[in-house]
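Here the structure is laid out as structure tokens; the discussion comes afterwards.
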Amino acid sequence: MKEIRVRFAPSPTGALHIGGVRTALYNYLFARQHNGTMILRIEDTDQNRYVPGAEAYIIESLKWAGIGIDEGIGVGGPFAPYRQSERKELYRKYADQLIDSGHAYYAFDTEAELEAMRDRLKKAGVDYQQYNSVTRMTMRNSLTLPASETEKLLQSGVPYVIRLKVPETGEVRLQDLIRGEVVVQMHELDDKVLMKSDGMPTYHLANVVDDYLMRISHVIRGEEWLPSAPLHVLLYKSFGWEADMPQFAHLPLLLKPDGNGKLSKRDADRMGFPIFPLTWTDPGTGEKSVGFREAGYLPEALINFLAFLGWNPGTEQEIFSMKELIKAFSIGRIGKAGARFDIQKATWFNEQYLRSKPESILAAYLADQLVKKGITCSPEKILKIVAVMRERVSFPKDFYEQGQFFFHAPQTFDSTVIAKKWNADTVKFIRVFQESIENIEQFNAETIKTAFEKTAADLGIKTGQLMQVLRVAITGSASGPDLMMTLEIIGRQETLNRLVFALSNFNVNAASS
RNA sequence: GGCCCGUUCGUCUAGGGGUUAGGACAUCAGAUUUUCAUUCUGGUAACAGGGGUUCGAUUCCCCUACGGGCUACCA
């Protein structure tokens, strides 16, 4: 069997879109499963759109996501260079080959002339306003100009491009691994530019030449490439590389969570979720976009989520490690329809992975946060906090953000609870409870609970009323982790302090409301 | 406009000529938790529409509708 070689080939025009990460993931999964090779190639043939830092960003993103690269940018390999701008001369050679074999031609049309042609066709009501087998005979190119004139123009240094000479009749067929057979009529294809006037190849040429030279066995890419896939097939044929042509698999797109269209950065901004794997600052505008990593998504959760957007194993298992994904993945089980991006599900995956982490790792998350905030805290206390918080957090940063009351007395208090439940009975309870916990020998969750229950029973007050009042007095909030454990962690003295504060301040609120 | 691709619960999807159309997220209810969350249990909820083919179509075919992509000397 042919060696499996796949490539992820982004262009360095900015941050890597999350859809690109999924494409990379599917390529990676497929390569690993078949003991194949995963190649990273940079398609930087558009000099105008080049963004400094984008390439490094892509590498870093894949690394964070756990998508390993076997060959290519940052790794090297037998087919170097893997940056298309560094392969410029090579494409020229292959373009010339196509000219020689009559599959391509020189074109000298200016932008204005091209526009005039399209306008003319549009007014005439022609369906295809393109440079093709019929219109090319009305344009300035080596097909319409005498050979001597073409030669003269070439020598004179006027700008020109090389275009593919698409046959007038016939059809192109391709067998897509996901979509089955796709057929396109030749006359619907246009004479695509292969070499631009700046001497760089277009995507179409570079991609085919490189995939051939790099022995790519499978092209797994987004659906936006499906319309030009027949053109690529035609190129393989024109070169006489049909036997070595890779197999194609065009992935369904990632769609907006709501409304119509494909997922865009705008949607992410509007709905408040990341769209880039890592935080990215646009060097042009200076605009900063928080990445999945910085937002607190674990790479394994993001990968699991992404893998299921368009693919599924056909079983009821939902949680998959990268290793399991490699084993279970198959192109045949990739769906055809676009998948809406649902950040809620991503968060659910994150919770699953977060909760499965050992406490020591979770403690490290919290410890990191505390160091950043300049808060000192004993490892024992951190461990206790993590243990009591782990079932209620979605992101690592939540340990600190939702547990601030462990470190500082609350600044604000849930006013609805106070308004509703701060009354003579509860005040009386707090007073007695204060005394009661002062006298506890061992101040821990169990003894606190006993004191709490006994105090309530002695006063004849229902505990349900008291729990929330006590919680608000201690944490400021109406909800939170186990209250008795919270008191234990905060400690006796701090608990008493907060109760004193509540007694003097909550009274004012109750009186005024 | 043209070409290509698609369409199962709100979302991700399984399934496939005869099924109570399955799961997950979300949502709702109950239980547990003397609070909230977690957890558990249960519920609501889908084959876009119309024609065929067939004993029988959600499944196969066609049409329509809708959605998406492409339509550059961008990838």
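In the text below, chain A, chain B and the rest are named by the order of the sequence lines, each starting its count at 1.
The pair A/Lys384-A/Glu488 meets the salt-bridge criterion, with a side-chain N (NZ, NE, NH1 or NH2) lying under 4.0 Å from an Asp/Glu carboxylate O. Salt bridge status for A/Asp191 with A/Lys165: absent, with no side-chain N to carboxylate O gap under 4.0 Å. Salt bridge A/Arg136/A/Glu168: present, at least one basic N to carboxylate O contact under 4.0 Å.
Shown here, B/C55 forms a base pair with B/G18; the pair counts as Watson-Crick or G-U wobble because both key distances fall under 3.5 Å. Pair assignment for B/C36 gives none, since no Watson-Crick or G-U wobble pairing has each distance under 3.5 Å. Partner assigned to B/U27 is B/G43, using Watson-Crick or G-U wobble distances below 3.5 angstrom. Across the strands present, B/C3 finds its partner in B/G69; the criterion is a Watson-Crick or G-U wobble pair with both atom distances under 3.5 angstrom.
Atom CZ in A/Phe349 sits about 12 Å away from atom P in B/U13, given to the nearest Å. In this entry the distance linking CD of A/Glu113 with C1' of B/A72 reads 17 Å, nearest Å. Atom NE2 of A/His250 is separated from atom P of B/C70 by 12 Å (rounded to the nearest Å). Rounded to whole angstrom, the span from the CD atom of A/Glu391 across to the P atom of B/U32 amounts to 20 Å. Regarding A/Phe399, its CZ atom lies at a distance of 13 Å from the C1' atom of B/A37, rounded to whole Å. Nucleotide B/A75 holds its P atom 10 Å from the OH atom of A/Tyr203, rounded to whole Å.
Without hydrogens or angle criteria, A/Asn350 side chain to A/Leu298 main chain gives a donor-acceptor distance under 3.5 Å.
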Output one line per pair: protein atom, nucleotide atom from nucleotides 1-12 of chain B, and distance, for all N/O pairs under 3.5 Å.
from  : atom 1 : to       : atom 2 : distance (Å)
B/C5  : O2'    : A/Arg179 : NH1    : 2.5
B/C5  : O2'    : A/Glu223 : OE2    : 3.1
B/C12 : OP1    : A/Arg340 : N      : 2.8
B/C12 : O2'    : A/Phe308 : O      : 2.9

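Taking the six-membered ring where tryptophan is involved, the planes of A/Phe429 and A/Phe433 are essentially parallel, since the angle between them stays under 30° and well short of 60°.
Taking the nucleotide of RNA chain B with the nearest heavy atom to each of A/Pro252 and A/Met195, the more 5' of the two is matched to A/Pro252. Nearer the 5' end of RNA chain B, as judged by each residue's closest nucleotide, is the contact made by A/Lys262, out of A/Ala9 and A/Lys262.
Between A/Ser477 and B/C36 there is no side-chain polar atom (N or O) within less than 4.0 angstrom of OP1 or OP2. Contact between the side-chain N/O atoms of A/Arg163 and the OP1/OP2 oxygens of B/C73 is found at a separation under 4.0 Å. For A/Arg49 and B/A72, the shortest distance from a side-chain N or O to OP1 or OP2 is not below 4.0 Å.
Taking the P atoms as reference points, B/G22 lies 15 Å from B/A14, given to the whole Å.
Residue contacts for A/Ser197: at a heavy-atom cut-off of 4.0 Å it reaches a base atom on one of the strands shown.
Between the base of B/U38 and the side chain of A/Arg392 there is no donor-acceptor pair shorter than 3.5 Å.
Each of A/Ile437, A/Thr447, A/Leu470, A/Leu487 was scored for a side-chain contact (heavy atoms from CB on, under 4.5 Å) with A/Phe452, with one residue passing: A/Leu470.
Pairs of residues two or more places apart, or lying in two chains, that qualify as salt bridge (charged side-chain N to carboxylate O under 4.0 Å, His left out) and include a residue from residues 447-458 of chain A are A/Lys454-A/Asp458.
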